[in-house]
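Quick note: numbers below take in every heavy atom, side chains included, and nothing from hydrogens, waters or symmetry partners. Since the structure is predicted, the reported quantities are computational estimates derived from the model, not experimental observations.
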Amino acid sequence: METGLDNMPQAQNNMSTTHKKMSVLIHQDGLSFFIYSSMGVERHILKTFKHESNPIEILQEIENIYEIEKDLNFKFKEVTLIYNHSIFTGVPASLYNENNQSDYLKYNVRLLDTDVISTDDAIEALDYRSIYIAYSNINNYFFDKYGDFNYYHYSTLALQKHYSVNDSLKTEIIIDVKESQFYITIFEKGSLLLHNSYPHQAAEDILYYTLFTAQHNHLDPEHMDLKIISSTKNDSVYNLLYTYVRNVSYVVDSNTYIENILCV
């Protein structure tokens with residue numbers, strides 16, 4: 001998905017950096033900038049916020065980072081924004097109707113007249129489309145900087161990655177833990193049963209929503225595989241889940257797994 005057509009970008013033209021790409025993860029708790037090439041991630045710039053921020057505050061933080069981090073002001077071969085927030089829903093691609101975009105979202109979130117509703121391309125193998133709010137002020141900022149760029153909801157990229165490594169013979173729950181929210185994805189023999197995000201402040205929150213979704217999808221904790229994706233391993237989360245679920249594991253090298261989701 002691309003945005004922007006005619007205006008000239010403000011980023012400097014530098015031949016030593018045009019082969020590089022940049023992905024920016026945008027969420028209410030912080031920002032992550034990944035500068036990478038075919039050789040892998042060359043630089044990761046991380047900014048955390050003191051409190052959950054709104055789009056105006058997030059843009060202010062982005063502007064501050066660009067004042068400090070001069071590497072961001074050069075031209076990139078490709079720029080991608082990834083929105084990681086709970087203002088999204090998923091619908092079967094086979095039932096999707098562009099005229100009903102607001103209807104898909106309005107029962108999950110409070111919509112404003114100024115909200116821009118975006119829809120990612122379908123994941124055909126899963127019959128799934130992400131519908132979400134893209135922050136127009138942030139999109140406009142990056143267009144002014146770079147011209148055309150791609151943007152997605154995190155769910156689209158994460159589901160593509162999860163599906164590519166899913167064991168189609170098993171029932172599997174994947175927990176993707178972020179700062180104040182986490183995603184639960186359930187596959188049953190290669191089919192997507194559920195994908196959603198839930199808030200968390202403690203390990204008990206993650207346990208509750210995991211067992212709740214498993215029960216409502218008729219899954220037996222004794223026979224399902226539960227995988228945790230997190231940039232840092234949390235023993236409290238693991239130990240609590242392992243008390244109730246027989247097969248619990250962290251994804252090997254979770255940071256590389258996450259980078260493969262974001263650095264598209």
* Measure the shortest side-chain to side-chain distance between E69 and F33 over non-hydrogen atoms and say whether it is less than 4.5 angstrom. => no

* **Under the side-chain hydrogen bond (donor to acceptor under 3.5 Å, both in side chains) test, residues paired with T256 that sit two or more places apart** => D253

Centroid-centroid under 6.0 Å between [X] and [Y] rings:
| X | Y | result |
| --- | --- | --- |
| Y209 | H200 | no |
| Y66 | Y141 | yes |
| Y151 | F142 | no |

Is there a donor-acceptor pair under 3.5 Å between the side chain of [X] and the backbone N or O of [Y]?
| X | Y | value |
| --- | --- | --- |
| H85 | I133 | yes |
| N260 | K161 | no |
| S32 | L25 | no |
| Y36 | V264 | yes |
| Y135 | N54 | no |
| N150 | E78 | no |

* Asked: Among V116, D144, L81, which residue meets the side chain to side chain contact (heavy atoms under 4.5 Å, CB included) test with N139?
  ->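 By the side chain to side chain contact (heavy atoms under 4.5 Å, CB included) criterion, N139 pairs with just one of V116, D144, L81: L81.
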
* Asked: Quick one: which of L226, N196, I173 gives a side chain to side chain contact (heavy atoms under 4.5 Å, CB included) with I184?
  ->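 Per the side chain to side chain contact (heavy atoms under 4.5 Å, CB included) rule, the option paired with I184 is I173, out of L226, N196, I173.
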
* Asked: For D205, what residues pass the salt bridge (Lys or Arg N to Asp or Glu O under 4.0 Å) criterion, not counting sequence neighbours?
  -> none

Just checking [X]: does its [atom1] atom have more than 12 heavy atoms from other residues, nucleotides or ligands closer to it than 6.0 angstrom?
| X | atom1 | result |
| --- | --- | --- |
| H44 | NE2 | yes |
| E179 | CD | no |
| E63 | CD | yes |

* Treat each ILVMFWY residue as a node, draw an edge where side-chain heavy atoms are under 4.5 Å apart, and state whether Y198 and L159 are in one component. =>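 Different hydrophobic clusters.
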
* Y163, L157: one ILVMFWY side-chain cluster at the under-4.5 Å cut-off? ->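 In one cluster with Y163: L157, yes.
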
* Do the charged groups of D176 and K178 touch, with an N to O distance under 4.0 Å? -> yes

* Asked: Say you draw a straight line from CD1 of I174 to CD1 of I186; how long is it, rounded to the nearest 0.5 Å?
  ->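 Atom-to-atom, I174:CD1 and I186:CD1 are 10.0 Å apart.
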
* Does the cation-pi check pass for K233 over Y238, that is, NZ or CZ under 6.0 Å from the six-membered ring centre and within 45° of its axis? ->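 K233 over Y238 ring: no.
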
* To do: Apply the ring pair (Phe, Tyr, Trp, His ring centres under 6.0 Å) test between Y183 and each candidate in H27, H195, H162; give the one that qualifies.
  => H195

